[in-house]
Amino acid sequence: MPDEPYTPTHSPARAIPRPAAGPARAEASGTGTALTPPPPTPEAAPPSSAATGPETTGPGTAGQGAAEQGATGPGTTGQGDARGRVWLTRLLVVGLVLAALNLRPAITSLGALLEEVRTGLHMSGGVAGLLTSVPPLCFAVFGIAAPRLARRFGPAAVVCAGMAAIAVGVAVRPFAGGTPGFLAASALALMGIALSNVLMPVIVKRYFPDRVGTMTGLYSMALALGTSLAAAVTVPVTAALGGAWQTGLAVWSVLAVLAVLPWIPVVRDHRTAARPATPASTSPTAPTPASEPRTPAPAPASATPVPATAGPRITRSRTAWALACFFGLQATGAYITMGWLPQIFRDAGVPAGTAGVLLAVTMVMGVPLAFVIPRVAGRMRQQGPIVVVLGLSGLAGYAGLLTAPASGAWLWAILLGVSNCAFPLALTMIGMRARTGAGVVRLSAFAQCAGYLLSVPGPILVGALYQHSGGWTAPLALMAGLMVPQMAAGVLAGRDRTVEDGK
C-alpha cells in the first residue's frame, strides 16, 4: 500500500486537531500543521499552534494540560480528557464512513424499484424521467447553502443534520400518499445528501490535514460501497420483507439513522468546548504555576465562525473553474453509465440479468480504487497523470462498446468502472487546491454545485440521441468525446497551486 501523503506527527490514534488562540487563529479553518509543541517550561509559555493537541473539552490548551499533569500528578483530568479525545477521533472516523455510506442509497435503491414506484404512484413516463434527473439538480441547488450553514453552525453539525434529513426523507417518501409528496420527501433526502457532499472534503481537510488522501479514499470507498450495495440488494431485500416497494425503499432509512448517532457526541463536544472557559485562577482545585500564562480555551474548528468575506474569490480562480468542469464532466459520465449501461448491453443481446451484474461490476470497481487513488494522488504534486490514465480507460471502454459490446462486455464494464473513479480523485483535489478551511468550503461548494449543474443535460441528451438515431453509435461517440475535455480540465485542475494564489 502506498505511503502516506504527508509525514504524520501524531500516533495512529490521532486526535481531532484544534485551532489555537492568538496568531494561529487563521489556522482554525482547517489547514493547521500537525506539529505537536514541546512541553512548556516554567521559563516559557506554551507555544500556540493550529494543532497544539487533540480536541479537548476542558478549559486549557494541550500544552497547559501537559504542564498541569506534571503539577498535579497522574490520574488528573488531563489524562481523562486525552482518553475522551481519542474516542471522539474514532467516532469522527466512524461518522465519516457511515455518512458516506448514505450518500447514494436514496438514489440507487429508487432506480432498482422505479418500475414498481411508477405503477404504484401512477407516474407518467415524463415524471419518472424527471425523477431520475432530480439528484444532480438538487445537489447543485442545495449545495450552495452549505458554506453559509457551515459558517453558522459548523460543518459537523450540518452533516449530522444532513443525515437526519436523509433518514426522514427516505422513511417518509414511500408513504407520502402520492407523487407530490414522494417528490417532496425525496427532495428532503437529496438536500441532506447535497449538504454532506459539499462538507465531507471540508471535514477531512479540517480534522485530518496530514491525511487528506487517506481519509478521502476511506469515505470515497464507503460511498462506492453504499452505491453498489443499494443497487444490488434492494430487490432481494424487498422480496424478503414481503414484496412491497414501500418497505424496500423505507428500509434504507435505518442506515441513515445509524449515521446520525456518531455525530451527536462530536457536535456536543464542540459546543461544550466553544463555551467561555473559567479562568484557572478562580479554580480552587487546579492551581496554575505563577510563571505559566493563562490562555483561554480555543474554540473548536467546527464551531469557529468564519466571516462571510473570508476566503478566496472562487469565481476568479482558473483552478476553481477547471476543477468544476472536471467534476461536472466526470459526473456526466457516471450518471450516463448508471442510467444507460444496462440498456446498452441488453440491446447488444446480453441477457437482462447479466446486464445488471455488469453494471454492478462497474460500480464495485470503485470500492478498492476509491481508497487507493486518493492516497496515490495525495503523494503527488500534480494529479494530471492520474486524470489521463482514468480518461484513457473511459475512451477504451466506450470504444469497446462501439465495436464489440457483447463479446468483450466484462472488460468494457471494468474499464468504465476504472474511469468512474475520477470522482474520488476530484474530491481529493478539492482538499488539495485550497490552503484554508474557508477556501475548501467555497471551492467544494463551487466545484460541486457548478459541476452537478453541468452534468444535468448529459443523460437527457444521450437518451434523446438514442431515441432519434435508433442505436448507440451516436450516443457512445458523444460519451467518448466528452472524455477529451474531461482530461484537459483535470490536468489543469491537478496543477500544484491553490485558489488562494488567485490562479
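Side chains included, hydrogens not; waters and symmetry mates left out as well; all remaining heavy atoms used.
Using a distance-only test at 3.5 Å, with no hydrogens or angles considered, a donor-acceptor pair links the side chain of Gln383 to the main chain of Ala377. No donor-acceptor pair under 3.5 Å is formed between the side chain of Lys205 and the backbone N or O of Met200. Checking side-chain atoms of Arg433 against main-chain N and O of Thr319 turns up no donor-acceptor pair under 3.5 Å. The backbone N or O of Phe327 lies less than 3.5 Å from a partner atom in the side chain of Gln330, making a donor-acceptor pair.
Separation of atoms OH (Tyr452) and CG (Asn197) is listed at 4.5 Å; rounding is to 0.5 Å. Atoms OG1 and CG, from Thr108 and Leu103 in turn, are 11.0 Å apart once rounded to the nearest 0.5 Å. Note: Ser220 OG to Leu427 CG = 5.0 Å, rounded to the nearest 0.5 Å. Between the CG atom in Leu415 and the CG atom in Leu390 there is a gap of 11.5 Å [rounded to 0.5 Å]. We find the OG-CZ distance between Ser317 and Arg497 to be 9.0 Å, quoted to the nearest 0.5 Å. Rounded to the nearest 0.5 Å, atoms CG (Leu113) and CZ (Arg118) are 13.5 Å apart.
Counting heavy atoms from C-beta outward, Ile144 and Phe446 have side chains that stay 4.5 Å or more apart. In this structure the side chain of Trp340 never reaches within 4.5 angstrom of the side chain of Leu476, judged on heavy atoms. Looking only at side-chain heavy atoms (C-beta outward), Met380 and Pro385 come within less than 4.5 Å of each other. Residues Tyr219 and Pro201 are in side-chain contact: their nearest non-hydrogen atoms beyond the backbone lie under 4.5 Å apart. The shortest distance between side-chain heavy atoms of Leu425 and Phe326 falls below 4.5 Å. Between Met365 and Cys421, every side-chain heavy-atom pair lies at or beyond the 4.5 Å cut-off. Between Val204 and Val440 the shortest side-chain heavy-atom distance does not fall below 4.5 Å. Contact check for Phe208 versus Leu92: side-chain heavy atoms found under the 4.5 Å cut-off.
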Between side-chain atoms of residues 477-491 and protein atoms elsewhere (two or more places apart, or another chain), which donor-acceptor pairs fall under 3.5 Å?
none

Name each donor-acceptor pair under 3.5 Å that joins a side chain in residues 254-265 to protein atoms two or more places apart or in another chain, with its distance.
| from | atom 1 | to | atom 2 | distance (Å) |
| --- | --- | --- | --- | --- |
| Trp263 | NE1 | Gly95 | O | 3.2 |

Exercise answer: donor-acceptor pairs, residues 224-231 side-chain atoms, under 3.5 Å, sequence neighbours excluded:
| from | atom 1 | to | atom 2 | distance (Å) |
| --- | --- | --- | --- | --- |
| Thr227 | OG1 | Leu223 | O | 2.9 |
| Ser228 | OG | Ala224 | O | 3.1 |
| Ser228 | OG | Leu225 | O | 3.2 |

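A side-chain contact (heavy atoms from CB on, under 4.5 Å) with Arg442 is found for exactly one of Val499, Ile314, Val202, namely Ile314.
When all heavy atoms of Leu249 and Ser109 are compared, the closest pair comes out as CD2-O, 3.7 Å. What you find for Gly458 and Thr332 is that their closest heavy atoms are CA-CG2, 3.8 Å. Nearest heavy-atom pair across Phe139 and Ala194 is CA-CB, 3.7 Å. Contact detail for Ala145 and Leu195: the closest heavy-atom pair is C-CD2, 4.4 Å. Residues Met432 and Thr498 come closest through the heavy atom pair O-CG2, 4.1 Å. In plain terms, the two heavy atoms of Ser253 and Ala167 that are nearest each other are CB-O, 3.4 Å.
Side chain to side chain, Thr234 and Trp252 meet the donor-acceptor criterion of an N or O pair below 3.5 Å. Side chains of Thr214 and Arg375: a donor on one and an acceptor on the other come within 3.5 Å.
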**Study point:** Test log, rule side-chain contact (heavy atoms from CB on, under 4.5 Å), inputs Met221 and Val372
**Key:** CA-CA 9 Å; Met221 181 176 65; Val372 173; over 6 Å; no
Point to revise | Met163 vs Ser196, side-chain contact (heavy atoms from CB on, under 4.5 Å): CA-CA, chis, key distance, verdict | key: CA-CA 8 Å; Met163 293 298 107; Ser196 302; 3.3 Å; yes
Check your understanding: Hey, mind stepping through Val389 and Val418 against side-chain contact (heavy atoms from CB on, under 4.5 Å) and telling me if it holds?
Key -> CA-CA 9 Å; Val389 170; Val418 172; 5.7 Å; no
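For Ser393, there are no side chain to side chain donor-acceptor pair (under 3.5 Å) partners at least two apart in sequence or on another chain. Shown here are the ring-ring contact (aromatic ring centres under 6.0 Å, His included) partners of Phe142, two or more places apart in sequence or in another chain: there are none.
A cation-pi contact, defined as under 6.0 Å to the ring centre and within 45° of the axis, links Arg90 to Trp87.
Note on residues 414-430: no pairs pass side chain to side chain donor-acceptor pair (under 3.5 Å), not counting sequence neighbours.
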